[in-house]
Amino acid sequence: EFGVHSAMTYFEAKRLCPEGIFVKPDFAYYEMMSRSFFSFLKRYSLLIEEASIDEGYVDMTEACMRVASPKAYFQKIMDDLLKEIGLKCSIGVAPTKFLAKMASDMKKPLGLTFLYRRSLNETLYPLPIESFFGIGKKTSAKLMDAGIVTIGDLKKKVDQDDAEIKTLFGKYFLIIKEEINGYGDDFVDPTPYDPKSLGHSETFPYDTNEEYVIKNKLRDLSMEVAEGVKRERKKGKTVVLVIKDSDFTNHNKSVSLQEGTDDGEIIFETVSKLYDSNYLGIMLRLVGVTLQNLYNPSEETVQMNIWNFEEYEKMDKTKLLVNELNRKMKKPALKIASEVNKKNGNR
DNA sequence: ATACATACC
DNA sequence: CACTGGTATGTAT
C-alpha cells in the first residue's frame with residue numbers, strides 16, 4: 001500500500017509510511033527461534049547443515065524411503081512447523097544442495113517444490129540469471145552484457161567452456177558447471193558453526209572526524225569483539241579497522257599480531273594506531289573493528305623451549321608428531337582425528 | 001600479509 | 001548516486 005518492502009532501511013520505510021509501527025530488532029529472540037527451528041528439524045533427520053540463522057539443508061534420503069508419499073510428508077513437516085513453532089517456511093527438495101536452494105526460492109512462503117534433473121529445462125533454465133544462488137548483482141550485470149539473460153543461456157556457455165565465462169568465474173567455474181547440470185555438492189555437512197572472523201561496525205548519526213567520538217566508538221566496538229571471541233572460546237591474530245568515508249567508500253587497514261588475542265584493550269590499541277596513521281581528520285560515516293584468523297587457543301602449536309621441555313616429554317606421542325609437523329609447515333595442516341569436528345576448521 | 005571485491009542473509 | 005550489519009571467500013599484489 002505504501003511501497004514498503006523487505007530489505008528496506010528504516011529511514012526509507014519511515015519516509016514512505018511515517019505512521020507505520022516500527023519494531024526494534026531482537027536478535028536474541030531470532031536466535032531462540034532459530035534453535036527451536038533446528039531442534040524441530042532433528043525429528044526428521046539428524047543430518048542437518050545450518051546454512052544460516054533461518055535456513056538449513058537436511059538429508060532426507062532415509063526418511064523419504066520410509067514414507068509412501070514424500071510430497072505429503074514434506075507438506076506435513078511444513079504444517080507442523082507452523083502449528084507448533086509458529087514459523088512459515090518453504091521447502092525445496094532436490095538431488096543437490098544447490099538445486100534444493102533454488103527450489104525453495106521458487107515458491108514462498110509455505111511453498112513446496114520438487115526439482116528433478118530431468119526437468120531442469122522447464123524449471124531451472126528459464127529463470128533469470130540473477131536468481132542463480134551465488135550470482136549477485138555485479139556478476140549478473142556482466143553476464144547480461146555478454147548476452148546471458150537466463151540460467152539456460154549460462155548453461156549453454158558453460159557447457160561449451162566459453163573462455164570469457166571461464167575467466168569471469170575463476171575457480172568457481174567448474175563448481176557452477178556441475179551445479180547448473182544438477183550435479184556436484186550433495187553432502188549435508190552437520191559440523192557446527194565455527195567462525196573464522198568476528199566483527200562489529202556502526203554508522204554514525206552524522207559523518208564525523210572528531211577524534212574522541214571515533215576513538216570512543218572504536219573502544220566500544222573493540223570490547224564487543226573481545227566479548228564475542230571469548231564467548232566462542234577463540235583468539236584472533238589479525239585486527240582490522242573498517243571504515244566508510246563520507247563518499248560511501250569502504251576502506252580496510254589490518255595488521256597481524258605476533259600473538260593471537262581476545263583482549264579488548266589490545267584490540268582497541270591496535271585499531272587505534274591504524275586509525276591514527278591512516279584516517280586522522282577524515283570525515284567518516286562508519287567505523288568497524290574485526291578480528292580475523294580466529295583459532296582455538298587449545299589447538300595452538302607450541303614452539304618447544306627449555307621451559308616446556310618437561311611437559312613435552314609427558315605428552316602423547318601422536319599429538320607431538322602432529323604438532324611438530326604443523327610447526328614445521330607454519331600452519332596446522334594436520335590434526336588429531338578426534339579434534340576434527342568443527343565446520344571449515346583447519347584440517 | 002594486506003587490501004579489496006563480491007555474495008549472502 | 002548510495003541500506004545496515006555480519007560473515008565467508010576469491011583475487012590481486
Side-chain angles (χ1 to χ4, degrees), chain A residues 4-16 22 24-27 30-31 33-34 37 49-57 89-90 97-98 101-102 104-105 108 129-143 166-176 179 189 193-205 207 217 220-221 224-225 227-229 231-232 234 236-258 260 270-271 274 277-279 285-294 330-331 342-345:
Chain A
V4 175
H5 56 79
S6 71
M8 196 172 254
T9 56
Y10 166 75
F11 293 102
E12 285 175 285
K14 184 85 179 167
R15 185 160 42 80
L16 291 168
F22 292 86
K24 287 249 166 71
D26 184 352
F27 203 74
Y30 308 149
E31 282 184 324
M33 293 307 285
S34 176
F37 167 58
E49 177 173 338
E50 296 193 20
S52 75
I53 195 165
D54 68 346
E55 274 184 303
Y57 296 101
C89 73
S90 292
K97 292 195 282 186
F98 169 73
K101 167 68 174 162
M102 294 303 295
S104 75
D105 285 337
K108 53 181 17 181
I129 193 66
E130 63 268 23
S131 64
F132 192 109
F133 180 62
I135 296 180
K137 253 175 64 171
K138 301 280 184 173
T139 310
S140 47
K142 286 179 198 165
L143 290 170
K166 250 179 145 167
T167 24
L168 178 60
F169 285 119
K171 64 181 295 185
Y172 272 143
F173 180 82
L174 285 176
I175 294 171
I176 286 188
E179 282 177 341
D189 179 359
Y193 173 64
D194 183 35
K196 284 157 275 302
S197 75
L198 193 158
H200 293 290
S201 61
E202 203 171 294
T203 302
F204 293 115
D207 294 1
K217 187 53 72 188
D220 292 349
L221 293 166
E224 287 172 48
V225 168
E227 260 181 58
V229 288
R231 195 166 47 239
E232 297 289 338
K234 291 186 172 254
K237 250 191 87 60
T238 309
V239 178
V240 190
L241 170 64
V242 178
I243 74 123
K244 187 186 283 182
D245 65 24
S246 41
D247 300 335
F248 283 84
T249 312
N250 297 311
H251 307 267
N252 291 324
K253 293 289 170 195
S254 66
V255 65
S256 294
L257 307 169
Q258 209 67 2
T270 312
V271 284
L274 287 172
S277 46
N278 295 286
Y279 303 110
R285 179 175 173 80
L286 165 150
V287 289
V289 178
T290 293
L291 199 59
Q292 291 181 338
N293 295 321
L294 303 188
K330 311 268 199 222
K331 65 175 182 189
K342 291 287 191 96
K343 177 172 294 185
N344 299 329

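Since the model is a prediction, treat every value here as computed from it, not as a measurement. Chain letters run A, B, ... following the sequence lines, proteins first and then strands; every chain starts at 1. What's counted below: heavy atoms across the whole structure, side chains too, no hydrogens, waters or symmetry copies.
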(request) Let me know the distance between CG of A:Leu174 and P of C:dG10, rounded to the nearest Å. (result) 13 Å
(request) Please list, chain by chain and in numerical order, all residues satisfying salt bridge (charged side-chain N to carboxylate O under 4.0 Å, His left out) with A:Glu12, sequence neighbours excluded. (result) none
(request) Over 60° means perpendicular and under 30° means parallel, so classify the ring planes of A:Tyr279 and A:His251, tilted if in between. (result) tilted
(message) Are A:Tyr30 and A:Ile53 packed together at the side-chain level, in the sense that at least one heavy-atom pair is separated by less than 4.5 angstrom?
(response) yes
(message) Please report the distance, rounded to the nearest Å, between CG in A:Asp207 and P in C:dA2.
(response) 14 Å
(message) Return whichever of A:Glu224 or A:Tyr172 has its heavy-atom-nearest nucleotide of DNA chain C closer to the 5' end.
(response) A:Glu224
(request) Measure from NZ on A:Lys244 to C1' on C:dG6 and round the result to the nearest Å. (result) 13 Å
(message) If you compare every side-chain N and O of A:Thr238 against the phosphate oxygens of B:dA1 (OP1, OP2), does one of them come in below 4.0 Å?
(response) no
(message) Tell me whether the side-chain N/O atoms of A:Ser197 come closer than 4.0 Å to OP1 or OP2 in C:dG6.
(response) no
(message) Please confirm whether the shortest side-chain N or O distance from A:Arg285 to OP1 or OP2 of C:dA2 is below 4.0 Å.
(response) no
(message) I'd like to check A:Phe132 versus A:Leu143 (side-chain heavy atoms, cut-off strictly below 4.5 Å). Are they in contact?
(response) no
(message) Within the 4.0 Å limit for protein heavy atoms, which parts of nucleotides 3-9 of chain B are touched? Write it as a string from 5' to 3', B for base, S for sugar-phosphate only, - for none.
(response) SB-SSSS
(request) Rounded off to whole Å, could you give me the CG-to-P distance for the A:Leu291 and B:dA1 pair? (result) 14 Å
(message) The side chain of A:Glu12 is closest to which nucleotide in this list: C:dG5, C:dT11, C:dC3?
(response) C:dC3
(request) Would you kindly give the CG-to-P distance between A:Leu286 and C:dT4, to the nearest whole Å? (result) 8 Å
(message) Can you tell me which nucleotide in C:dA2, C:dT9, C:dG5 comes closest to the side chain of A:Thr203?
(response) C:dG5
(message) Is there a side-chain contact between A:Ser256 and the phosphate of B:dT2, meaning an N or O under 4.0 Å from OP1 or OP2?
(response) yes
(message) Using whole Å, what does the distance between atom C1' of nucleotide C:dG10 and atom CG of A:Leu168 come to?
(response) 13 Å
(request) Verify, without hydrogens or angle tests, whether A:Asp247 (side chain) and A:Thr249 (backbone) share a donor-acceptor contact under 3.5 angstrom. (result) no
(request) Nearest-nucleotide wise, let me know which of A:Asp247 and A:Thr290 is further upstream toward the 5' end of DNA chain C. (result) A:Asp247
(message) Using whole Å, what does the distance between atom P of nucleotide C:dA12 and atom NZ of A:Lys171 come to?
(response) 12 Å
(message) So A:Tyr193 and A:Glu50, do their side chains get closer than 4.5 Å, heavy atoms only?
(response) no
(message) Does A:Lys138 have more than 12 heavy atoms from other residues, nucleotides or ligands lying within 6.0 Å of its NZ?
(response) no
(request) For A:Tyr30 and C:dG6, give me the distance from atom OH to atom C1', rounded to whole Å. (result) 14 Å
